[in-house]
Amino acid sequence: MNKSKKIVIGAVAAVAVVGIASAVWYFGFANKEEEPPKNAQNVSSTATAEPSGQPEESAAPAESGAPAQSGGASPGSTASDAAATEEPVKVTPTFMYFVTNDDLANEAVKSTLDALQAEYADRVNFDIKNVDEDATLLERFSFVEGNTPALIMLNTANDICDIKMKNSDQDALKASIEGALQ
């Protein structure tokens with residue numbers, strides 16, 4: 001591979017890393033004081049019941065805010081017992097799509113969004129973000145500037161499972177949604 005191809009691949013990789021880091025930062029820190037996400041009603045409590053046969057006082061330190069004992073397990077239980085009783089938290093996947101006014105005026109982009117929303121409206125949150133109307137989006141997600149329409153797909157664990165730049169292909173976006181639903 002020649003030197004110029006290596007430079008291009010390195011630059012693309014760097015943009016992807018910065019983009020993922022920005023998205024993780026945004027979802028991990030920036031949204032803490034804002035309204036809860038649309039899919040917050042689907043989040044169940046991660047608290048687990050005490051294993052049967054444990055005295056009630058063994059739960060008191062964890063409930064009072066005191067640090068849990070080794071590995072977070074109750075006295076007399078093992079870490080594998082605690083892990084086995086926790087159920088994974090599942091939320092509705094989110095299709096976060098960054099667009100410009102020009103993207104929204106494009107009939108192909110518009111028809112793709114309409115078709116996807118019609119098919120998945122009951123199983124996916126569609127969060128269409130217009131970067132022309134909200135300049136703070138480009139501050140938080142600088143990697144989408146000049147790369148719209150851009151998708152960040154969040155799965156049922158609310159983790160980023162796919163990122164697509166300059167993409168309005170209905171089949172590719174549908175594949176991202178299907179991957180997030182699994």
Side-chain angles (χ1 to χ4, degrees), residues 1-44 46 88-182:
M1 196 180 321
N2 65 30
K3 188 175 182 177
S4 63
K5 285 184 181 179
K6 287 181 182 179
I7 291 172
V8 169
I9 290 172
V12 169
V15 168
V17 168
V18 168
I20 291 170
S22 297
V24 168
W25 173 84
Y26 176 74
F27 288 107
F29 300 109
N31 255 353
K32 294 295 183 200
E33 295 178 14
E34 295 178 12
E35 289 183 25
K38 293 180 206 174
N39 57 4
Q41 73 276 6
N42 295 334
V43 177
S44 63
T46 58
V89 176
K90 289 198 172 191
V91 297
T92 303
T94 299
F95 181 93
M96 191 178 338
Y97 204 53
F98 297 86
V99 294
T100 62
N101 290 332
D102 289 340
D103 294 330
L104 292 174
N106 182 318
E107 197 58 42
V109 173
K110 194 173 174 184
S111 66
T112 294
L113 279 175
D114 290 344
L116 291 172
Q117 286 176 328
E119 184 172 350
Y120 294 101
D122 59 332
R123 298 182 286 162
V124 175
N125 289 326
F126 285 86
D127 188 7
I128 312 303
K129 298 187 174 289
N130 188 329
V131 298
D132 289 338
E133 293 179 3
D134 185 354
T136 63
L137 291 171
L138 291 178
E139 292 171 11
R140 293 181 186 158
F141 302 96
S142 60
F143 63 96
V144 302
E145 187 170 11
N147 293 313
T148 62
L151 168 69
I152 297 176
M153 190 73 217
L154 304 175
N155 62 17
T156 58
N158 215 23
D159 294 327
I160 297 172
C161 64
D162 202 1
I163 295 177
K164 295 198 181 306
M165 299 293 173
K166 291 188 175 188
N167 196 322
S168 61
D169 178 64
Q170 185 171 343
D171 292 333
L173 297 174
K174 187 173 182 174
S176 295
I177 292 172
E178 289 295 330
L181 287 168
Q182 296 182 2

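Since we're looking at a predicted model, the values are computed, not measured.
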Any chance you could measure [X], atom [atom1], to [Y], atom [atom2], to the nearest 0.5 Å?
X	Y	atom1	atom2	answer
Leu173	Leu116	CG	CG	6.0 Å
Phe126	Ile177	CZ	CD1	4.0 Å
Thr156	Gln182	OG1	CD	10.0 Å
Ile160	Ile152	CD1	CD1	5.5 Å
Thr92	Asp122	OG1	CG	10.0 Å
Thr148	Tyr97	OG1	OH	8.5 Å

Identify the heavy atoms of [X] and [Y] that sit nearest to each other, and give their distance.
X	Y	answer
Val99	Pro149	CG1-CB, 4.1 Å
Phe143	Asn147	O-ND2, 2.7 Å
Leu104	Asn130	CD1-ND2, 3.6 Å
Pro93	Arg123	CD-O, 3.4 Å
Val91	Asn155	CG2-O, 3.9 Å
Lys164	Ala172	CE-O, 3.3 Å

Can you tell me if Glu119 has over 12 outside heavy atoms packed within less than 6.0 Å of its CD? yes

Assess the residue pair Leu137 and Val144 against the criterion (side chain to side chain contact (heavy atoms under 4.5 Å, CB included)); give the C-alpha distance rounded to whole Å, side-chain angles, the decisive distance to 0.1 Å, and a yes or no. CA-CA 9 Å; Leu137 291 171; Val144 302; over 6 Å; no

I'd like to know whether Lys129 forms a side chain to side chain contact (heavy atoms under 4.5 Å, CB included) with Val131, so could you lay out the CA-CA distance, the side-chain angles of the two residues, the decisive distance to 0.1 Å, and finally the verdict. CA-CA 6 Å; Lys129 298 187 174 289; Val131 298; 5.6 Å; no

Run the side chain to side chain contact (heavy atoms under 4.5 Å, CB included) check on Leu154 and Met96 step by step: do they pass? CA-CA 8 Å; Leu154 304 175; Met96 191 178 338; 4.2 Å; yes

Only counting residues at least two apart or in another chain, list the ones meeting ring pair (Phe, Tyr, Trp, His ring centres under 6.0 Å) with Tyr120. none

Mark yes or no for whether Asn106, through its side chain, and Asp103, through its backbone, hold a donor-acceptor pair below 3.5 Å.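 Judged by distance alone, no pair lies under 3.5 Å.
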
Is a donor from one side chain sitting under 3.5 angstrom from an acceptor on the other, for Asp114 and Ser111?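 No pair is found: no donor N or O on one side chain lies under 3.5 Å from an acceptor on the other.
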
Which one of Leu181, Asp162, Ile163 satisfies the side-chain contact (heavy atoms from CB on, under 4.5 Å) criterion with Ser176?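 Single side-chain contact (heavy atoms from CB on, under 4.5 Å) partner of Ser176 among Leu181, Asp162, Ile163: Asp162.
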
Between Phe98 and Leu138, does the side chain to side chain contact (heavy atoms under 4.5 Å, CB included) criterion hold? Intermediate values first, please. CA-CA 10 Å; Phe98 297 86; Leu138 291 178; over 6 Å; no

